[in-house]
Amino acid sequence: MAEPATDFIRQQIDRDLAKPDGSREVITRFPPEPNGYLHIGHAKSICLNFGIAEEYGGHAYLRFDDTNPLAESDEYVEAIERDVAWLGFDVSGRVTFASGYFEALYECALELIRKGKAFVCSLSQAEIRATRGTLTEPGTNSPYRDRTADENQDLFARMRASEFPDGTHVLRARIDMASPNLNMRDPVLYRIRHAAHHNVGEAWVIYPTYDFTHCICDALENITHSLCTLEFEDHRPLYDWVLDNLSLNARPQQIEFSRLGLEHTVMSKRLLQRLVDEGVVDGWDDPRLPTLAGLRRRGVTPGAIRDFCRRAGVTKQDNQLEVELLEFCVRSDLEDSTPRALGVVKPLKVRLTNHPGSEETLEAPWHQRRPEMGTRRLPFGPELYIDRDDFTFSPPPKWKRLSPGAHVRLRYAYIIRCDEVVTGADGEISELRCAYLPDSRSGSDTSGVKPAGVIHWVAAHAAEPVQLRLYDRLFRVRNPKGGSLIDDVNPASLVTASGFLEPAAATGGKTHFQFERVGYFHRDPVLHRTFNRIASLRDSWRPATAPKCA
RNA sequence: UGGGGUGUCGCCAAGCGGUAAGGCACCGGGUUUUGAUCCCGGCAUACGCAGGUUCGAAUCCUGCCACCCCAGCCA
């Protein structure tokens, strides 16, 4: 399964390592801003950075890019650390903060000032915007652009010393207001923010911007390959400019790859926030969300997510993966590892008319092909529940379930024959009266009867009532957009059913199951007696008369 | 309409001048006490389009087209 990944980034690293004078080590970093929850798109970056570090015998940092005190909090740093660890990557001893480098960053700013490469600009935010130019027109120089190094040094020190209110001055790089790359038009390096920072408190009132911070932190941590997403391509010249004008000894290189896109969901923080705020979902860990917290609660395993990211690949192409690929990864990870159980989603009562009435206990393996997983006791009795979908009055050709007069095997138990259908006043089928074949017990069947198929069931006297949360894609459209976000929500993204589960699975500590013939389920970590459907089983059954539509 | 990117099967994705890997999906068939799993087989004369170079081009050149990103004191 674990084919060695090879992609343009790893190929680049191979080339770098092959250079005679090049570095022998590979150091990477995953640099989230602690201003929200991680989602499966971040998982791609995490797998890439930590995966590469591991493969090349290097190491990776989890670095919090916390340069904007207004957006960040400890709640998020804790959630992010937990999510990365849950995904299966060891970050102990390698968790860092951009804010931990504030003093070094300040020294770097001073160096640029001394070299005449940065200046304190006293234009207002609106003035800076107005003089930046446009996509097609160059900007104009700030009137403060030619302040002397001494003047700049003095002003910058006073900015730090809290002498000025927010917005009055910024430190800018002195590059080129006519550059076709807007990021090079004297970008802001530091701004004044009288705000408490989650990590350093009130120690600072000036905060460095992303462009100034990121490259320097990379260099300070001796990052060799700084992997980020495509929207930063335009920032690479600035990343390089800052490092080229500083006397740091490390020289990391930035390489960009495309974000992971997934159909029928949204990944942007803004849109996810709306779903949470407007109550479309129940919180950041709603099992329908692509957040790692949501996927975890749904029951998706870290292994499945890692496999998904590996299969998705790493390129520079925009992409939108089908949810089918994720589901495939979920099923293939759970198939061998998960115990089986009998659970009924839409119960239909079955009375065994010839049953003596005594209760019986059968034994069934937790997993047919994995005897080492052991067995469980399976109560059997005169009244059972089966799924309503497993019975029909008028069976289509090749129907392998129950119908009037037909024989069907109850999984791990006996063969039954449907003799009578009891219909309630409302016309709904209320009960089936069946005969069971006492000599047909699973494993010691001497009845000679060939049943039409096998169905799942639960003995009524021992059935544990459970809530089954059947999750489906959150949006009915492939690529939901902000404009019609709420309208595009799939009204059936969550269907709750009151079903029954066999006692050995309902109690006990097992968390993940395959409910046979139904799907993979996860015991909800907070709601009592509730199981979340992680993924249904593949179903290639299609009545000949009614073709399944896509 | 400036700059930076990307275009190979429905969705991903190999390919790096020598004659289109693989996965998912889909379609057949086999095994099966889960219509699951598993196993076999099928699935791009064709690489955005048009020219050109070459014995030979998805790979090189030229032009065009489409899509994505950029005008935060966000990251």
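Residue numbering restarts at 1 for every chain, and letters A, B, ... go by the order of the sequence lines.
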Under the salt bridge (Lys or Arg N to Asp or Glu O under 4.0 Å) rule, collect the residues that match up with [X], sequence neighbours excluded.
X         : value
Asp7(A)   : Arg10(A)
Arg417(A) : Asp419(A)
Glu335(A) : Arg340(A), Arg369(A)
Lys481(A) : none

By side-chain hydrogen bond (donor to acceptor under 3.5 Å, both in side chains) - contacts of [X] (at least two apart):
X         : answer
Arg441(A) : Glu360(A)
Thr375(A) : Glu363(A)
Ser403(A) : none
Gln12(A)  : none

**Asked** Contact class for Ser258(A) vs. all strands (heavy atom < 4.0 Å): base, sugar-phosphate, or nothing?
**Response** nothing

**Request:** Run the salt-bridge test on Asp390(A) and Arg517(A) with the 4.0 Å N-O cut-off and return the result as yes or no.
**Result:** yes

**Prompt:** Looking at the angle O4'-C1'-N9-C4 for a purine or O4'-C1'-N1-C2 for a pyrimidine, is G35(B) syn or anti, with syn meaning within 90° of 0?
**Reply:** anti

**Request:** Looking only at side-chain atoms of Asn319(A), point me to the closest of U6(B), G2(B), C12(B).
**Result:** C12(B)

Please state the [atom1] separation for the pair [N] and [M] - nearest whole angstrom.
N      : M      : atom1 : result
G18(B) : A57(B) : C1'   : 10 Å
A13(B) : U19(B) : P     : 24 Å
C9(B)  : A20(B) : P     : 16 Å
G7(B)  : C47(B) : C1'   : 10 Å
G51(B) : A71(B) : C1'   : 37 Å
C64(B) : A25(B) : P     : 42 Å
C70(B) : C12(B) : C1'   : 27 Å
U31(B) : A36(B) : P     : 13 Å

Could you give the [atom1]-to-[atom2] distance, from [X] to [N], as a whole number of Å?
X         : N      : atom1 : atom2 : value
Ile9(A)   : A13(B) : CD1   : P     : 12 Å
Phe328(A) : G22(B) : CZ    : P     : 15 Å
Leu325(A) : C12(B) : CG    : P     : 11 Å
Arg311(A) : A14(B) : CZ    : P     : 15 Å
Leu260(A) : C24(B) : CG    : P     : 18 Å
Asp7(A)   : U6(B)  : CG    : C1'   : 17 Å
Leu262(A) : A25(B) : CG    : C1'   : 15 Å
Glu137(A) : G3(B)  : CD    : C1'   : 14 Å

**Asked** Gln11(A) or Ala312(A): which one's nearest nucleotide on RNA chain B is closer to the 5' end?
**Response**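 Whichever sits nearer the 5' end wins; that is Ala312(A).
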
Which nucleotide, if any, forms a Watson-Crick or G-U wobble pair with [N], using both distances under 3.5 Å?
N      : result
A25(B) : none
U6(B)  : A66(B)
C55(B) : G18(B)

**Request:** Confirm from the modelled atom types if Glu256(A) and G5(B) form a donor-acceptor pair under 3.5 Å, side chain to base only.
**Result:**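 Between G5(B) and Glu256(A), which were checked side chain against base, a qualifying N/O pair under 3.5 Å is absent.
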
**Message:** Can you tell me how the ring of Phe97(A) sits relative to the ring of Phe64(A), calling it parallel under 30°, perpendicular over 60° and tilted otherwise?
**Reply:** parallel

**Asked** Using 30° and 60° as the class limits, which term best fits the ring planes of Tyr385(A) and Phe500(A): parallel, tilted or perpendicular?
**Response** parallel

**Message:** Can a side-chain donor-acceptor contact be found between Gln273(A) and Tyr37(A) if the only test is distance below 3.5 angstrom?
**Reply:**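 Not at all, the side chains of Tyr37(A) and Gln273(A) share no donor-acceptor pair under 3.5 Å.
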
Could you run down the sub-3.5 Å N/O contacts of the protein with nucleotides 40-43 of chain B?
none

**Asked** Quick one: which of Gln254(A), Glu221(A), Arg29(A), Arg236(A) gives a side-chain hydrogen bond (donor to acceptor under 3.5 Å, both in side chains) with Ser226(A)?
**Response** Arg29(A)

**Prompt:** Tell me the salt bridge (charged side-chain N to carboxylate O under 4.0 Å, His left out) pairs involving residues 162-175 of chain A, sequence neighbours left out?
**Reply:** Asp146(A)-Arg174(A), Arg158(A)-Glu163(A)

**Message:** Is Gln320(A) close enough to C11(B) that one of its side-chain N or O atoms is under 4.0 Å from OP1 or OP2 there?
**Reply:** no

**Request:** Respond yes when some side-chain nitrogen or oxygen of Gln254(A) is under 4.0 Å from OP1 or OP2 of G4(B), and no when none is.
**Result:**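 Answer no for this pair, as no side-chain N or O of Gln254(A) is under 4.0 Å from OP1 or OP2.
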
**Prompt:** How does protein contact run along nucleotides 28-37 of chain B, one letter per nucleotide 5' to 3', with B for base contact, S for sugar-phosphate only, - for none, heavy atoms under 4.0 Å?
**Reply:** S----BBBSS

**Message:** Treating primed atoms plus P, OP1 and OP2 as sugar-phosphate and everything else as base, which nucleotides of nucleotides 65-75 of chain B get B, S or - for protein heavy atoms under 4.0 Å?
**Reply:** ---SBBBSBSB

